[in-house]
Amino acid sequence: MKNNILKGVLLLGILTSVFACNTKKEEPVVVDKEAIKKEIQAKEDEFAEVYNSGELKKIGYYADDAISYYQNHAPLVGKANIAEFLKANVGSSSNQIAFKTGEIFVSDDGNQVVETGAFEVTDSTKTIVNTGSYMSLFVKRDGKYVCVRDMSVSDK
């Protein structure tokens, strides 16, 4: 009987040692918020360039499953629908849009980013015709951030 108790205690001690020594400690993910903010601003600059060119079929800003909430309009579901809406509303306008990233809120693992910012629309004489704010949610897919949700509101 004493022999079985001794064997049990010894086995329990060995198992405890094995599990205690084998515990993996996860390395904390280091998130460089300034680098991410620059990356998001570059996405906004690229989007403005594509938007202003009128060549919206080349839009790489949105994920295929994105949903965009434009003011006074039902939600636009899918990259193709968003591009069609933008194309119909850009038309032959000589207005130009620019985006300025304000704040970013990054998930602990860096895979999601919420961005708040402002936009400005100018006409061909560089007169401001509209300003407003926006909020976008980006997720990292295949190593790149893509917008999965966004909404904007005009100051007017």
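This structure is a prediction, so every number in the text was calculated from the model and none was measured.
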Q: For Y145, enumerate each residue passing the ring pair (Phe, Tyr, Trp, His ring centres under 6.0 Å) test, keeping only those at least two apart in sequence or located in another chain.
A: none
Q. With F99, which residues qualify under ring pair (Phe, Tyr, Trp, His ring centres under 6.0 Å), at least two apart?
A. F47, Y134
Give the table of side-chain donor-acceptor pairs shorter than 3.5 Å for residues 105-112, with sequence neighbours excluded, one pair per line with atom names and distance.
{"unit_1": "S107", "atom_1": "OG", "unit_2": "D109", "atom_2": "OD1", "d": "2.6"}
{"unit_1": "S107", "atom_1": "OG", "unit_2": "G110", "atom_2": "N", "d": "3.3"}
{"unit_1": "S107", "atom_1": "OG", "unit_2": "N111", "atom_2": "N", "d": "3.2"}
{"unit_1": "S107", "atom_1": "OG", "unit_2": "Q112", "atom_2": "N", "d": "3.1"}
{"unit_1": "S107", "atom_1": "OG", "unit_2": "Q112", "atom_2": "O", "d": "3.4"}
{"unit_1": "D109", "atom_1": "OD1", "unit_2": "N111", "atom_2": "N", "d": "3.0"}
{"unit_1": "D109", "atom_1": "OD2", "unit_2": "N111", "atom_2": "ND2", "d": "3.1"}

Check side-chain contact (heavy atoms from CB on, under 4.5 Å) between [X] and all other residues, then give those that pass, not counting sequence neighbours.
{"X": "V77", "answer": "I67"}
{"X": "D45", "answer": "Q41"}
{"X": "A66", "answer": "Y62, I82"}
{"X": "V121", "answer": "N95, I97, F119, V129, N130"}

Q: Specify the closest pair of heavy atoms between G143 and K140, including all atoms of both residues, with the distance to one decimal.
A: C-CG, 3.8 Å
Q. Looking only at heavy atoms, what is the nearest atom pair of R141 and A63, with distance?
A. NH1-CB, 3.3 Å
Quick check: do [X] and [Y] have side-chain heavy atoms less than 4.5 Å from each other?
{"X": "I36", "Y": "V113", "value": "yes"}
{"X": "L86", "Y": "Y51", "value": "yes"}
{"X": "Y70", "Y": "L76", "value": "yes"}
{"X": "V114", "Y": "I104", "value": "no"}

Q.
Tell me whether K37 contacts the main-chain N or O of G102 through its side chain, where contact means a donor paired with an acceptor under 3.5 Å.
A. yes
So, using side chain to side chain donor-acceptor pair (under 3.5 Å) as the criterion, who are the partners of [X] when residues are at least two apart?
{"X": "T116", "value": "none"}
{"X": "S68", "value": "D150"}
{"X": "E44", "value": "Y61"}
{"X": "T122", "value": "none"}

Atom pair [atom1] ([X]) and [atom2] ([Y]), whose distance is rounded to the nearest 0.5 Å:
{"X": "E49", "Y": "Q96", "atom1": "CD", "atom2": "CD", "value": "10.5 Å"}
{"X": "S154", "Y": "Q71", "atom1": "OG", "atom2": "CD", "value": "5.5 Å"}
{"X": "K33", "Y": "K38", "atom1": "NZ", "atom2": "NZ", "value": "16.0 Å"}
{"X": "E39", "Y": "T101", "atom1": "CD", "atom2": "OG1", "value": "11.0 Å"}
{"X": "T131", "Y": "K100", "atom1": "OG1", "atom2": "NZ", "value": "15.5 Å"}
{"X": "K43", "Y": "C147", "atom1": "NZ", "atom2": "SG", "value": "9.0 Å"}

Q: Give a yes or no on whether E34 atom CD has more than 12 heavy-atom contacts from other residues, nucleotides or ligands under 6.0 Å away.
A: no
Q | D32: partners by salt bridge (charged side-chain N to carboxylate O under 4.0 Å, His left out), with sequence neighbours left out | A | none
Q: Please check if V148 and V50 belong to a single hydrophobic cluster, counting links between Ile, Leu, Val, Met, Phe, Trp and Tyr side chain heavy atoms closer than 4.5 Å.
A: no
